[in-house]
Amino acid sequence: MNEQDQVIRNLLNSNGLEVSDLQQRLASIYSGAIDYADIYLQHSTNESWVLEDGIVKSGSFHIESGLGVRAIHDDKTGFAYADEVSAMALQQAADAARGIAGAGESKQQCVLQRTEALARYPALNPLTSLNEAHKINLLREMDAYARALDRRVVEVIASVSGSYDEVLVLATDGTLAMDIRPLVRVNCTVLAEQNGRRERGSAGGGARLDYNYFFATAEGETDLRWQTYAKEAVRQALVNLDARPAPAGTMPVVLGSGWPGVLLHEAVGHGLEGDFNRKGASAYSGKIGEQVASELCTIVDDGTLHDRRGSLSVDDEGTPAGYNVLIEKGRLVGYMQDKMNARLMGVAPTGNGRRESYAHLPMPRMTNTYMLAGETPPDEIIASVKRGIYAPQFAGGQVDITSGKFVFSASEAYLIEDGKLTAPLKGATLIGNGPDAMRQVSMVGKDLRLDAGVGVCGKDGQSVPVGVGQPTLKLDALTVGGTD
Amino acid sequence: MKPELSDLNNELADVKQAVADAIAYSTKLGASAVECALTRSRGISVETRLGEVDTVEFNQDGALGITLYQGQQKGSASTTDLSPAAIRASVEKAFDIARYTSPDPFAGLAPAELMAQQLADLELCSPGEQSADYALERALQCERHALAQDKRIVNSDGASYSSHVGYRVYGNSHGFLEGYLQSRHAMSCSLIAKQGEAMQRDYAYTVARRTDELWTPEQVAELAVQETVARLGARKVATAKVPVLFRADVANSLFGHFVGAISGGNLYRKSSFLLDKLGQRVFPEWLTIVEQPHLRGALASSPFDHEGLATQDRTIVDNGVLQTYLLTSYAARKMNMTPTGHAGGIHTWELNQQDQSLEQLCRTMGTGLLVTELMGQGVNLVNGDYSRGAAGFWVENGEIQYPVEEITIAGNLADMLRAIVAIGNDIDVRHGVRTGSVLIEEMRVAGH
């Protein structure tokens, strides 16, 4: 049985529903001033296991299942949802959502057509890919491994989590799309102690695959993936044991490759989401075709990468994910769109319509956002800085899309003096303005790397998994907020 | 369309029975102890933008969580599907998980003798009108008023109104089974102002358990306008060490970090900058903080915590000296202490010594930074390092000079808490910690 039929069986048939029942319900909404309506069904299960103090303290399992009905008239949205999948729940939600516009003549729906999108990840169920004893054993091995790496490691918190998500979207534009989305993640956090000082290090990774991912070696590595996370967590904690207060003021900043791409995600990505731009609320609104970054910058949002945490075969509106160029050689060329904002702005949807669950409304969201590689070897970039900061790891960040202001906290940073990395730094916060910072990019490395698969993006209270990435790059001037 | 308290009470009785059934089923399977929590809420959230309806959302959320023990082994499961079959499946899953977790000598329910008894009605539920028309009218009224105030307001990010009622039930195998109704109503307005090419966005909101405690739509609108327009023309300041005044709506975050630092989880993990500080001075000696969990109708009031423990009035800080940690029963067993009823968070905290207005605090500060927004996550509770993005106003000779943005403020939390010079009387009651603006003697400001 193919996976689309499997989703129909699990989400509909097992609840006594057929595709035709959903079609009829949708037809009952689609009248008068309603421009578009859709039904979203979801069933997801997820689990997590956590080790701390050397023992597996907790395990948890969560079931989430329900349906959401949305009706749109112009730029107005009516939305209702139910935490069960049944004909009754469907009818109640549909009636409530329909209330957004007055009644009128029925409209002809498009002929339903199954969306044939390329699968960007396999239809696996991670939860059953490894038995419970092996999941626990992974945590115990990671604990022992991390402690054996250095005797200054005094505590290890290891976790493994996985989710299995089946979704179905049926819309008045004829969309009928199904997707099976696996997602796994392993994380290792260590506390290291030296002369009474305690510092933390944390690392992890994941993918839209099953747990076997962690028992394989990454390309060009000899360690298993879970071993690389433990090593990285210990390394970061030890570096931070010797870190001294970061300087304060404006200076050149070199961002490392991979996860520091979170800065692009915040400083540029959110400002290029269609909803903010339709409303004229973004620092990038009305700037299509304009030079908004240095010519060295080409930035894309790419949901098509295989097995990546931020990837999607189809988005939550049934649009196949895409490779969308946002900024090309510094010029703004496109926004990320869901169906409603695309329609209102007169462009095509880009496969970025995402929602946290059936109980949330879709909106334009990022998938995997990264800057393409440049030509400079990364060591030349560091060597070019007389006095500044090198930041290869970040704890997270935040942006105000209207003013363009962003803030990031480095979890690993070094002082650069005369082209060489000298002291490790703690407490370095970077603050800037998206458009200004992107004009400050003066060197781009040839070492494009994507993050290890840990990103979670929050917008309007909704969380979705995302990927980020970039090569090593230099910003000529950025404000660093340290205490020294 | 206003939900009736009697209907909600009937529903509460039904779900209490569902929780009792889940507990009984766990025991029947062989669990040695079990606890179960169920929350539900329903209501409406609407948003308007530029005088038109933007979204109308009918909310209906619920979840049941079960944790059971087999000896010292623990398993948890939760479900949003509250049908009897799904609840039984969750119990079975939790039971299964408990076979694989490790025995943890500190695992288990909170002590039976500390369970809450004879619960007072704290008046936590006051249903409001939940029709789309009513909610939309409130939001439209608010936004319309805002857009008419100042021509520098060129756009709107929307106004919202929401009204929710629901309940929370908790039961465990000590025989404890209690629940209470709760409500929450809120209104907000978010605006965009423009000057030259630069845009600024800001917002205002009101939230309360009773609709008659909400600010009027006009009050929300006027505050949102004032906040947004005041940001226009913001610039950086020079890097320097200066006094910093946290306005009341951001000052509560400082106490939030303090809450984290005295919470059991961070203490037994030795991940707090306030380790072993019980009985020691951590604030200036004039500062006293008391917790009052039973204030009627307060947002952070609760008759019992997430483990069924009785909440009670408590002095947290007395004349600057730390009087208690915040301990769940697990943390308490780890630390060989008594649980404090803080599973699920703190209840209303009130501070003394709040006698100056914000204007007076500015004069006390003389020259320095008034902070009205904080950004980013640059707070390290392990060592107290603090470095966050900020926006606000530059103050000279006690008077606001100009708006400031794109700067960071940095220091160490342990030092910052001790360096509090004064707390204002402009108390923000929307948060669990009811504080006014907080003046700190000196911090490092990074700009150009």
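Letters go in sequence order (proteins before strands), and every chain restarts at 1.
In this structure, the portions of A:Arg198 lying under 4.5 Å from any heavy atom of chain B include both its backbone and its side chain. When heavy atoms are compared at a cutoff of 4.5 Å, A:Tyr358 approaches chain B solely by way of its side chain, counted from C-beta outward. With a 4.5 angstrom heavy-atom cutoff, A:Glu52 touches chain B only via side-chain atoms. Only the side chain of A:Ser409 comes within contact range of chain B, judged by heavy atoms closer than 4.5 Å. Only the backbone of A:Ala283 comes within less than 4.5 Å of a heavy atom in chain B; its side chain stays farther off. For A:Val399, the part lying near chain B is the backbone, with the side chain staying farther off; criterion is any non-hydrogen pair under 4.5 Å. Of the two parts of A:Leu139, neither the backbone nor the side chain holds a non-hydrogen atom closer than 4.5 Å to a non-hydrogen atom of chain B. Looking at A:Ser282, only its backbone comes within 4.5 Å of chain B, counting heavy atoms on both sides. In this structure, chain B has a heavy atom under 4.5 Å from the side chain of A:Ile136, while its backbone stays farther away. If you measure heavy-atom distances from A:Val480 to chain B, the contacts under 4.5 Å come from the backbone alone.
To the nearest 0.5 Å, atoms NZ (A:Lys279) and CG (B:Asp157) are separated by 6.0 Å. Taken from OG1 in A:Thr77 to CG in B:Asp54, the straight-line distance is 6.5 Å, to the nearest 0.5 Å. Atom CD of residue B:Glu373 and atom CG of residue A:Asp400 lie 6.0 Å apart, to the nearest 0.5 angstrom. Atom CD of A:Glu266 is separated from atom CE of B:Met375 by 8.5 Å, given to the nearest 0.5 angstrom. To the nearest 0.5 Å, atoms NZ (A:Lys135) and CD1 (B:Ile97) are separated by 8.5 Å. With rounding to the nearest 0.5 angstrom, the OH atom of B:Tyr268 is 7.5 Å from the CG atom of A:Asp53.
Nearest heavy atoms, B:Lys74 versus A:Ser58: CE-CB, 3.9 Å. Of all the heavy atoms in A:Leu191 and B:Ser271, the pair that sits closest is CD1-OG, 3.3 Å. Taking each heavy atom of B:Thr408 and A:Thr429 in turn, the nearest pair found is CG2-CG2, 3.9 Å. Across every non-hydrogen atom of B:Gly376 and A:Val407, the tightest pair is CA-CG1, 3.9 Å.
For the side-chain contact (heavy atoms from CB on, under 4.5 Å) with A:Ser403, the qualifying choice from B:Gln200, B:Glu406, B:Arg201 is B:Gln200, the only one to do so.
When atom types are taken as modelled, the side chain of B:Thr55 and the backbone of A:Gly78 share no donor-acceptor pair closer than 3.5 angstrom. Under the 3.5 Å distance criterion, the side-chain polar atoms of A:Tyr81 are matched with a main-chain donor or acceptor of B:Gln60.
The existence of a salt bridge linking A:Glu155 and B:Lys270 is excluded, since no basic side-chain nitrogen approaches an acidic carboxylate oxygen closer than 4.0 Å.
You'll find the side chain of A:Asp83 reaches within 4.5 Å of the side chain of B:Arg40, heavy atoms only. Within the 4.5 Å cutoff, side-chain heavy atoms of A:Ile157 are placed close to those of B:Arg269. Considering only heavy atoms from C-beta on, B:Asn383 comes within 4.5 Å of A:Glu199 through its side chain.
Ranked by heavy-atom pairs under 4.5 Å with chain A, the list B:Ile409, B:Asn380, B:Thr101, B:Thr239 is led by B:Thr101. Contact count versus chain A (heavy atoms, under 4.5 Å) is highest, among B:Ser387, B:Ala86, B:Ala77, for B:Ser387. Interface check for chain A: of the options B:Ala98, B:Ala446, B:Ser102, the most heavy-atom pairs under 4.5 Å are formed by B:Ser102.
With no hydrogens or angles considered, a side-chain donor-acceptor pair links A:His62 and B:Ser78 at under 3.5 Å.
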